[in-house]
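The shown structure was predicted, so the numbers you read here are calculated from the model rather than taken from an experiment. Start at 1 and go down the list; that is how both ligands and their atoms are numbered.
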Amino acid sequence: MIEGIIIRGYSGFYYVQTNDSIYECSLRGRYRLKKQDFLPGDRVMILPRQGEGKGVIEELLPRKVELLRPAIANVNQAILVIPLNNKQPDLMLLDRLLIMTTNAGIRPIICFNKVDLADENVAADLKQLYQKIGYQTILTSAKKEIGIQELKNELYGNISVFAGPSGVGKSSLLNAVEPGLELQTGEVSRKSQRGRHTTRYTSLLALKEGGFVADSPGFSCLHLPEMKREELASYFPEFSLQQQCKFTTCLHHTEPECAVKQALEEGKIDPRRYEHYLDFLVEVIAKERSY
Ligand code: GDP
Ligand code: ZN
């Protein structure tokens, strides 16, 4: 038996990428009976049939992470694409996506795209801000091919999903990384999806030098995960300071002797990040009440 990764499922068949080729596989009977769902990204053991490029999936290996939209298993990182055009960059969206990916157990990589349109200092400042917090941050331009090698280095050996609203350059970036993928950019894919009533299956695109990328974006639904209000601060790594707040239940809002607010005053925490924390806190509390 050999190990492989499901890259696509289609009417009862699964395409499994192994070290050397792709096998069209059916499921061993017991899996068919159990109605076990197999997702792109699942690692499986297959028994190839001699010389036909076909085989049977014998065993599903343990799934580490499961993403629902799109349905992919074992995604280990999300490329959060935020454009830096002449408008104010949407850092609120970025901070929201950082919470969502961390909560899903997926490593976020921040990709500030369209740097060709941005002020150089603004781009450098943003990179520094997020890198200091501990996030891998890259500056790219799909158009001018800036930072593409850096992005490539992040993708190889991983299963990645791109995230960010439409128009930010996700498909352009992927095409710049690997021109052969023939990914449908923007308008084309949106148009052809409309009016098609069948479910759209997500596939993984295999990169030449190793690693996979989902062909549809993740985290398009932007609800914060369910959590208790006290948990929110744990999604802001820079809030965990050496000094403690007076109250262990401190929400870093109106409480006295708050170490976070002190750090904010001393310029150790960025005011934009703190502001977004307060916005999210309102949202988390409102949601808390509804369950
Ligand atoms: P997606 O919807 O996120 O996949 O975005 P697309 O890849 O379809 O890109 C949306 C638009 O932004 C297209 O017109 C691209 O040509 C443009 N675009 C993408 N990346 C860049 C970039 O780095 N710089 C500039 N100036 N335009 C870009
Ligand atoms: Zn506090």
Side-chain angles (χ1 to χ4, degrees), residues 70 78-87 89-90 93-94 97 109-120 122-123 126-127 138-152 160-179 181-194 200 202 205 213-220 222 229-266 268-269 273-275 277-278 280-281:
I79 317 296
L80 313 181
V81 184
I82 301 293
L84 294 188
N85 33 25
N86 33 25
K87 283 183 284 170
D90 194 346
L93 173 66
L94 173 58
L97 288 168
I109 293 172
I110 300 168
C111 178
F112 288 116
N113 189 36
K114 306 198 184 184
V115 287
D116 55 292
L117 302 175
D119 182 290
E120 237 172 78
V122 170
L126 284 176
K127 180 173 171 162
I138 47 188
L139 300 177
T140 59
S141 165
K143 195 171 183 180
K144 297 268 160 76
E145 303 227 349
I146 299 166
I148 300 303
Q149 185 57 46
E150 228 178 310
L151 178 59
K152 278 185 187 178
S160 313
V161 63
F162 277 79
S166 65
V168 296
K170 298 180 297 295
S171 342
S172 306
L173 282 168
L174 202 45
N175 282 329
V177 163
E178 199 153 314
L181 288 176
E182 285 179 31
L183 201 77
Q184 302 171 312
T185 44
E187 286 313 309
V188 185
S189 60
R190 273 192 289 279
K191 272 185 197 138
S192 59
Q193 270 169 52
R194 222 176 289 145
R200 190 172 175 279
T202 300
L205 306 166
V213 179
D215 72 346
S216 43
F219 301 98
S220 45
L222 292 172
R229 60 189 78 181
E230 295 84 13
E231 277 174 64
L232 181 62
S234 69
Y235 291 98
F236 288 73
E238 75 271 40
F239 286 15
S240 63
L241 303 150
Q242 265 154 1
Q243 211 184 323
Q244 300 282 305
C245 302
K246 179 171 182 187
F247 300 106
T248 49
T249 56
C250 188
L251 294 174
H252 322 304
H253 183 208
T254 51
E255 296 88 345
E257 293 179 52
C258 167
V260 168
K261 274 189 292 174
Q262 195 186 329
L264 175 72
E265 274 161 32
E266 290 167 3
K268 290 177 188 158
I269 288 174
R273 290 274 293 169
Y274 180 71
E275 225 169 85
Y277 166 78
L278 291 184
F280 295 147
L281 189 62

Side chain Lys246, main chain Glu255, donor-acceptor under 3.5 Å:
no
Would you indicate which of Lys143, Lys144, Glu145, Lys170 comes nearest to atom 27 (N) of ligand 1 when only heavy atoms are counted?
Lys143
Vertex the Zn ion (ligand 2), arms to Cys250 SG and Cys245 SG, rounded to 10°
110°
Between Val115 and ligand 1, does any nitrogen or oxygen pair lie at a separation below 3.5 Å?
no
Looking at Gly218 and Val161, what are the two nearest heavy atoms and their distance?
N-CG2, 3.4 Å
Could you give the distance from SG (Cys258) to CG (Leu251), rounded to the nearest 0.5 Å?
9.5 Å
In this structure, CG of Leu126 is separated from CG of Leu84 (nearest 0.5 Å) by 6.0 Å
Between Thr140 and ligand 1, is there a nitrogen or oxygen pair with a distance under 3.5 Å?
no
Of the side chain and backbone of Val168, name the one, both, or neither that has a heavy atom under 4.0 Å from an atom of ligand 1.
both
Would you mind naming the N, O or S atom of His252 nearest to the Zn ion (ligand 2)?
ND1
Proximal ligand 1 atoms for Leu117, defined as those under 4.0 Å from one of its heavy atoms
26 (N)
Looking at Val168, is its backbone amide N or carbonyl O close enough to the side chain of Asn113 to form a donor-acceptor pair, meaning the two atoms are under 3.5 Å apart?
yes
Atoms in ligand 1 flagged as close to Ser166, the criterion being non-hydrogen separation under 4.0 Å
2 (O)
Does any N or O of ligand 1 fall below 3.5 Å from an N or O anywhere on Ala142, backbone included?
yes
Nearest candidate to atom 16 (O) of ligand 1, where distance is taken over non-hydrogen atoms, out of Gly167, Gly164, Ser172
Ser172
Under 4.0 Å, heavy atoms only, figure out whether ligand 1 is touched by the backbone of Asn113, its side chain, both or neither.
side chain
If only atom types and distance count, is the side chain of Lys170 paired as donor or acceptor with the main-chain N or O of Pro165 below 3.5 Å?
yes
Aromatic plane relationship, Phe280 with Phe236 - under 30° parallel, 30 to 60° tilted, over 60° perpendicular
tilted
Would one find an N, O or S atom of His253, in either backbone or side chain, under 2.8 Å from the Zn ion (ligand 2)?
no
Mind checking whether Phe239 and Tyr274 have parallel, tilted or perpendicular rings, split at 30° and 60°?
tilted
